[in-house]
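Notes follow once the structure below has been shown.
What you are looking at is a predicted structure, and each value in this text was computed from that prediction instead of being measured. Ligands are counted one by one from 1 in listed order, and the atoms in each one are counted from 1 as well. One-based numbering along the sequence shown.
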Amino acid sequence: MIKEIVILGAGYAGLLCALEARKKLSPEEAKITLINKHTYHQLITQLHETAAGARSDRSIRIAIDSLIQGKAIDFRKATVQSIQPEQKQVVLSDESVLRYDYLVVALGSEAEYFGITGLKEHAFILKSVNQARLIRSHIESCFARYPYEQDPALLRFVIGGAGFSGIELVGELADKLPELAKEAGVDEKHVELYNVEAAPGILPGFDTALVDAARKSLQGRGVRFMTGVPIVEVSPGVVHLKTGETIETKTVVWTGGVRGNQLVIDAGFETEPRGRAKVNEFLQSPTHKEVYILGDCSFVLGENGRPLPPTAQLAWQMGSAAGKYLFQDIKGGVKVPFTPNIMGSLASLGRKDAVGQVLKSYKMYGKVAYMAKEASQVRYLAKIGAMFAAR
Ligand SMILES: Cc1cc2nc3c(=O)[nH]c(=O)nc-3n(C[C@H](O)[C@H](O)[C@H](O)COP(=O)(O)OP(=O)(O)OC[C@H]3O[C@@H](n4cnc5c(N)ncnc54)[C@H](O)[C@@H]3O)c2cc1C
């Protein structure tokens, strides 16, 4: 009998899973339904460029229809309301109910606010194309208002968090803010860009030499780092620091933490304290083997026994693996435990600059690292058949 596979989320993990499962399973063997709240696949790894205005939002949105064309994958634009594993069903925002034989949960992550007062209410976050557009238009409006209002807080920008996405955003802004100042006829010496981080350093997990190079490059472009300084509160127009200092600003972007998707917690899957689901070596829920939980929604351990950081690279590898596991569930065969193959990590620092480590220990800097990062993006687009897809 034909099996019903329902995939929630058409991000890196969900899309790759749908494509891989369909490559292996014929439409007579499995019906594949892909649910996503937008009609497009988002290139989240480039959101910081759009937020700073360095890349159009159209270029990082790819129509899902064009990616699954001719592949017999049913796409439904809908928001998942709840997952009910005991009933083997999901409820969508239009209250329709979808039953499944196999479920893939790939709904990504949410911002972690660590209970900091006012942060959720007064900070932007950078997790979707729409949020990136909002940040870009807000920053542009700050420059447009400054000549009339002369309020220094309009030209003071605070990025909370110095992890991967925070540093990438800081790098883009370090290049873009002087340009915006020039366009607005504002002296760029009035522009201040802060990166505030509770941990003692930036880019956790990166080698010291790479961290030093990143810091030097960004400081050289005027970035003011405040590391080891937790934000304790954000009130309208003011960031309050644990040191007792305050920063008056109209722009706070919070990149300081991610947690698993709330729908996964609400469904009753076992999660770790950050809300990411525990999965077995085949990426299945240990309590519901017909459910695969992938990407930022779940956590897997690396070689050193510590949880791997949530990345697009890991998400698409999980998606591909789960596509194969679904084939084996339906057609039989021996499953091989999921082994992530982390090829490296490259953080961009603005246009034409980056730092990173590839092939376990080979360090890259500057333009070469930047080009390697661009190349990895092109490889991803080729993998999902998006080189010439509609945007
Ligand atoms: C600014 C930034 C830069 C980054 N740079 C890198 C990088 O250089 N390299 C790297 O490896 N990683 C990077 N990351 C991390 C990486 O983007 C994530 O780890 C990756 O997107 C996770 O993939 P995913 O498939 O789990 O989730 P996502 O890509 O977030 O996909 C989840 C999908 O589910 C959909 N969805 C969510 N909720 C619902 C719902 N209720 N109903 C229906 N659909 C829903 C979303 O619209 C989305 O399409 C970066 C992240 C950010 C924010």
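- Ring centroids of Tyr325 and Phe338 are separated by 6.0 Å or more, keeping the two rings apart.
- When each atom of ligand 1 is checked for a heavy atom of Ala106 under 4.0 Å away, the hits are 32 (C), 33 (C), 34 (O).
- Looking at Asn261, Val258, Val80 and measuring to atom 42 (N) of ligand 1, the nearest heavy atom belongs to Val80.
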Intermediate values then yes/no, ring-ring contact (aromatic ring centres under 6.0 Å, His included), Tyr194 and Phe225: CA-CA 6 Å; Tyr194 288 87; Phe225 285 105; over 10 Å; no

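- Any N or O atom pair closer than 3.5 Å counts here, and Ala312 shares at least one such pair with ligand 1.
- The shortest N or O to N or O distance between Lys127 and ligand 1 is not below 3.5 Å.
- For the salt bridge (Lys or Arg N to Asp or Glu O under 4.0 Å) criterion with Asp353, the lone passing option out of Lys216, Arg221, Lys367, Lys373 is Arg221.
- Counting atoms of ligand 1 from 1 in the listed order, those under 4.0 Å from a heavy atom of Leu107 are 32 (C), 34 (O), 36 (N), 37 (C), 38 (N), 39 (C), 40 (C), 44 (N), 45 (C).
- Neither the backbone nor the side chain of Ser348 comes within 4.0 Å of ligand 1, counting heavy atoms alone.
- With hydrogens and angles ignored, the 3.5 Å screen pairs no side-chain donor or acceptor of Ser109 with any backbone N or O of Val258.
- Looking at ligand 1, you won't find any N or O of His48 less than 3.5 Å from one of its N or O atoms.
- Of the protein's non-hydrogen atoms, Thr45 CG2, 3.8 Å is the one closest to atom 9 (N) of ligand 1.
- In this structure, Arg76 contributes its side chain and Leu34 its backbone to no donor-acceptor pair below 3.5 Å.
- Neither the backbone nor the side chain of Trp316 comes within 4.0 Å of ligand 1, counting heavy atoms alone.
- Both cation-pi conditions hold for Lys335 and Phe282: the charged atom is under 6.0 angstrom from the six-membered ring centre and inside a 45 degree cone around its axis.
- Within the model, atoms CG of Leu346 and CD of Glu168 stand 9.0 Å from one another, a figure rounded to the nearest 0.5 Å.
- Those atoms of ligand 1 that come under 4.0 Å of a heavy atom in Ala78, given as number and element, are 42 (N), 43 (C).
- Where the criterion is an N or O separation shorter than 3.5 Å, residue side chain and backbone included, Asn36 meets it with respect to ligand 1.
- Any N or O atom pair closer than 3.5 Å counts here, and Gly295 shares no such pair with ligand 1.
- Under a 4.0 angstrom heavy-atom cut-off, Ala347 registers as lying outside contact with ligand 1.
- Near Tyr12, the atoms of ligand 1 lying under 4.0 angstrom from a non-hydrogen atom of the residue are 20 (C), 21 (O), 23 (O), 25 (O), 29 (O).
- Contact annotation: for Gln81 versus ligand 1, there are no heavy atoms closer than 4.0 Å.
- Side-chain contact between Ile5 and Leu25 is present, with at least one heavy-atom pair separated by less than 4.5 Å.
- Of all atoms in ligand 1, numbered sequentially from 1 with element shown, those under 4.0 Å from a heavy atom of Gln42 are 47 (O).
- Inclusion of Leu263 in the set of residues having an N or O under 3.5 Å from an N or O of ligand 1 is not warranted.
- Every N/O-N/O distance between Ser109 and ligand 1 stays at or above 3.5 Å.
- Listed by number with element, the atoms of ligand 1 under 4.0 Å from a non-hydrogen atom of Lys373 are 7 (C), 8 (O).
- For Glu168, every heavy-atom contact with ligand 1 shorter than 4.0 Å involves the side chain, none the backbone.
- Near Leu126, with a cut-off below 4.0 Å to any heavy atom, the atoms of ligand 1 are 1 (C), 53 (C).
- Considering backbone and side-chain N/O of Ser165, none are found under 3.5 Å from N/O of ligand 1.
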